[in-house]
Structures are given as C-alpha cells and as structure tokens.
Protein chains: 2
Amino acid sequence: MADPSCPVCATADIICGKWTILVIRDLAEGRSRFCELERSLEGISPRTLSLRLRALEEQGIVERHTYPEVPPRVEYSLTPKGEALVPLIEDMRSYGRQWLGVDDGACATAAEPAEPVAA
Amino acid sequence: MADPSCPVCATADIICGKWTILVIRDLAEGRSRFCELERSLEGISPRTLSLRLRALEEQGIVERHTYPEVPPRVEYSLTPKGEALVPLIEDMRSYGRQWLGVDDGACATAAEPAEPVAA
DNA sequence: GCCAAAACTTCAGTTCGTGAAGTCTTGCGG
DNA sequence: CCGCAAGACTTCACGAACTGAAGTTTTGGC
C-alpha cells in the first residue's frame, strides 16, 4: 500500500478489504461453511465472500476443506497464521465497547475508560 | 457494515477505508501537517487524505488545528478516542513482524513465533 | 438422466480511490 | 491594492472495487 517494508502497512494490506476482518472474526469461532458465513455476514455479496476466502486462502490465513457429499460441502477454518490475527480482533471488540458505545452483550467490560462513548 | 450492534463491526467501519489506519499510525507519532502526511503516506491522493481526515474529525478521532500564518498552516492530532486505537496498530505491527517477515528495524522482537514467515 | 441443494460465477450498475490539474487562503513586498 | 509564494485543499475524468440478481457447476441418490 504505502511502504511494503512497514509491518503495519503489510498487515493493513491483508485486512483492509471490506468484510475481511469480519470473515476472520467468524472463522475464529470455529470452522464454517460458505452459506453460514453468508448468513452471518448479513449484506455481503457471494462474489465478495468468494473473493475474500480465495485471497485469504492464498495468503495462508484460511484453509479450505471439501467434502464430496450429496450436496457438496465446503468448510473453511483459520490456519495458525490466521489465528494470530485474533488478538487484533479482540482489540477491535474492546475498542468498540469502550469508545463506540456498542456491546453485543458477551463478556463483561474490564475497567472504566477515561472518557467513554460521549467523546 | 454488517451488524451495527457488533463492536467489531463498528470498529471495522471506522478503520476499513483505505489508508485510514496508516493516517492514525502517523498521527500516533505526534501532530502532523497535511503535506507531511501526504509525503509519509507515499501514494495517497490528496483527495483521499482529505476525505479520511474529515471523516476521522467528524468521528472525534482526530483534531484539526489551523494557524493563520503567511502560508496558512494546518495541523492534525489524535484525540483520546484516537489514541485508544494505538494498541490496535501495535498489534498490527507485531503481526507484520512475526508472520509477514517484514521489519522496519525499530524495536527488538519479543519471542520466537511458533511458525514464523514460512507458513 | 434428473433432482435438490450447496457453492460458487457472471453481469450490469454503483460506489470508492487515483493522478493530474486547478482553486483558495494568507500576508508581505512592490 | 496587486501580485506572489506556498500550503491546503477541490475538481474532474478514469479505473478498480463492491453490490444484487441471476445463472452455472458439482454431488450422489432415485
């Protein structure tokens, strides 16, 4: 993107595409099928989901598992290189909770923020 | 993007635009002028930089300071809400170092990764 | 060889980012 | 008070990315 020798840029290149981080977030909860991802990521077009999964697979971040069954089944999961992105997603989750006033009601919040939400 | 009540989606909405995270990374090093950002983010168009800064300002993530001087000067800096994104950027930096084989030669790496780069 | 169902592709249209070029602001020097 | 230098942006035309609807491929049983 800017300087390819910058670690932040290199990582940004991977996750900057629309929906990419959310695909990884979903797969962090366990392997999933194409249509499950499509349903979870409400609003994504199948074309974009397909492009994202292919790109992530090429980058060694997700793995594709095919099952030759009656309706053919395909599942996706994170590789270790993909799992390593989970802390990043957790940071995003806590940022959203502390500063954007958004909470899906999962875990409890850790500490009082300096100037939450209102800022 | 997908579910607005999801903290990860809400945060993704903020940072998913091209260059956004890199603008914040630059401002994390201290307040900066338009042309300095333009020079640091090699390849960004002034239009995009302008759009990003405006959007981030509207979201309360950056602050704009104008100085009515001989050539008029404008500087940008992070608000607390913007500073709170720095841990996210640090995660991206260490991911880039550990898994993408990219190092701008700043700090030393912490520990040996399980399966670095090669994966 | 036809079927249902999952997993994608294809296509036309809109939105987002680029690169070059132009505009606007500021105050000083002529 | 006009023109100038220089920073900070707009504007415009073009190309790339994303969308939504519709179509295609794959699989094994009937």
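Since the structure is predicted, the reported quantities are computational estimates derived from the model, not experimental observations.
Ion pairing between B:Glu75 and B:Arg31 holds under the 4.0 Å rule for side-chain N and carboxylate O. Ion pairing of B:Arg54 with B:Glu57 is absent here, as no side-chain N (NZ or NE/NH1/NH2) approaches a carboxylate O to less than 4.0 Å. The pair A:Glu36-A:Arg39 does not meet the salt-bridge criterion, since no charged nitrogen lies less than 4.0 angstrom from a carboxylate oxygen.
Contact check, A:Arg64 against C:dC8: a side-chain N or O comes under 4.0 Å of OP1 or OP2. For D:dA8, the OP1/OP2 oxygens have no side-chain nitrogen or oxygen of B:Arg47 closer than 4.0 Å. Listed pair A:Tyr76 / C:dC8 meets the phosphate criterion, a side-chain N or O lying under 4.0 Å from OP1 or OP2. Phosphate contact (OP1/OP2 of D:dT10, side-chain N/O of B:Ser50, threshold under 4.0 Å): present. The shortest distance between the side-chain N/O atoms of A:Thr48 and the OP1/OP2 oxygens of D:dC18 is not below 4.0 Å. In this structure, A:Lys18 does not reach the C:dC16 phosphate: none of its side-chain N or O atoms is under 4.0 Å from OP1 or OP2. Contact annotation: B:Arg73 side-chain N/O to D:dA6 OP1/OP2 distance is not under 4.0 Å.
Closest approach to the A:Pro71 side chain among C:dC8, C:dA5, C:dT10 is made by C:dA5 (side chain taken as heavy atoms from C-beta onward). Comparing atom distances between the A:Val70 side chain and each of C:dG27, D:dG28, D:dG20 picks out D:dG28 as nearest.
When rounded to the nearest whole Å, the span between CG of B:Leu49 and C1' of D:dT10 equals 13 Å. Per the geometry, CH2 belonging to A:Trp19 stands 16 Å off C1' belonging to C:dC16, to the nearest Å. For B:Leu51 and C:dC16, the CG to P distance is 10 Å, given to the nearest whole Å. In this structure, CD1 of B:Ile15 is placed 18 Å from P of C:dC16, rounded to the nearest angstrom. Between the CD1 atom of A:Ile44 and the P atom of C:dT9 there is a distance of 14 Å, rounded to whole Å. Summarising the geometry, the separation between CD on A:Glu36 and P on C:dA5 is reported as 17 Å, rounded to the nearest angstrom. One interatomic measurement links the two molecules: CZ of A:Arg54 to C1' of C:dA7, which rounds to 11 Å at whole-angstrom precision. Taking atom CZ on A:Phe34 and atom C1' on D:dT24, their separation rounds to 14 Å, with Å as the unit.
In terms of position on DNA chain D, the residue among A:Gly17 and A:Tyr67 whose nearest nucleotide sits closer to the 5' end is A:Gly17. Each of A:Pro46 and A:Arg52 has a nearest nucleotide on DNA chain D; the 5'-most of these lies closest to A:Arg52.
Note that CG of A:Leu49 and CD1 of A:Ile44 are 4.5 Å apart. Values are rounded to the nearest 0.5 Å.
A donor and an acceptor atom, one from each side chain of B:Ser32 and B:Asp26, are nowhere located under 3.5 Å apart.
Heavy atoms of B:Arg33 sit under 4.0 angstrom from primed sugar atoms or phosphate atoms, though from no base atom.
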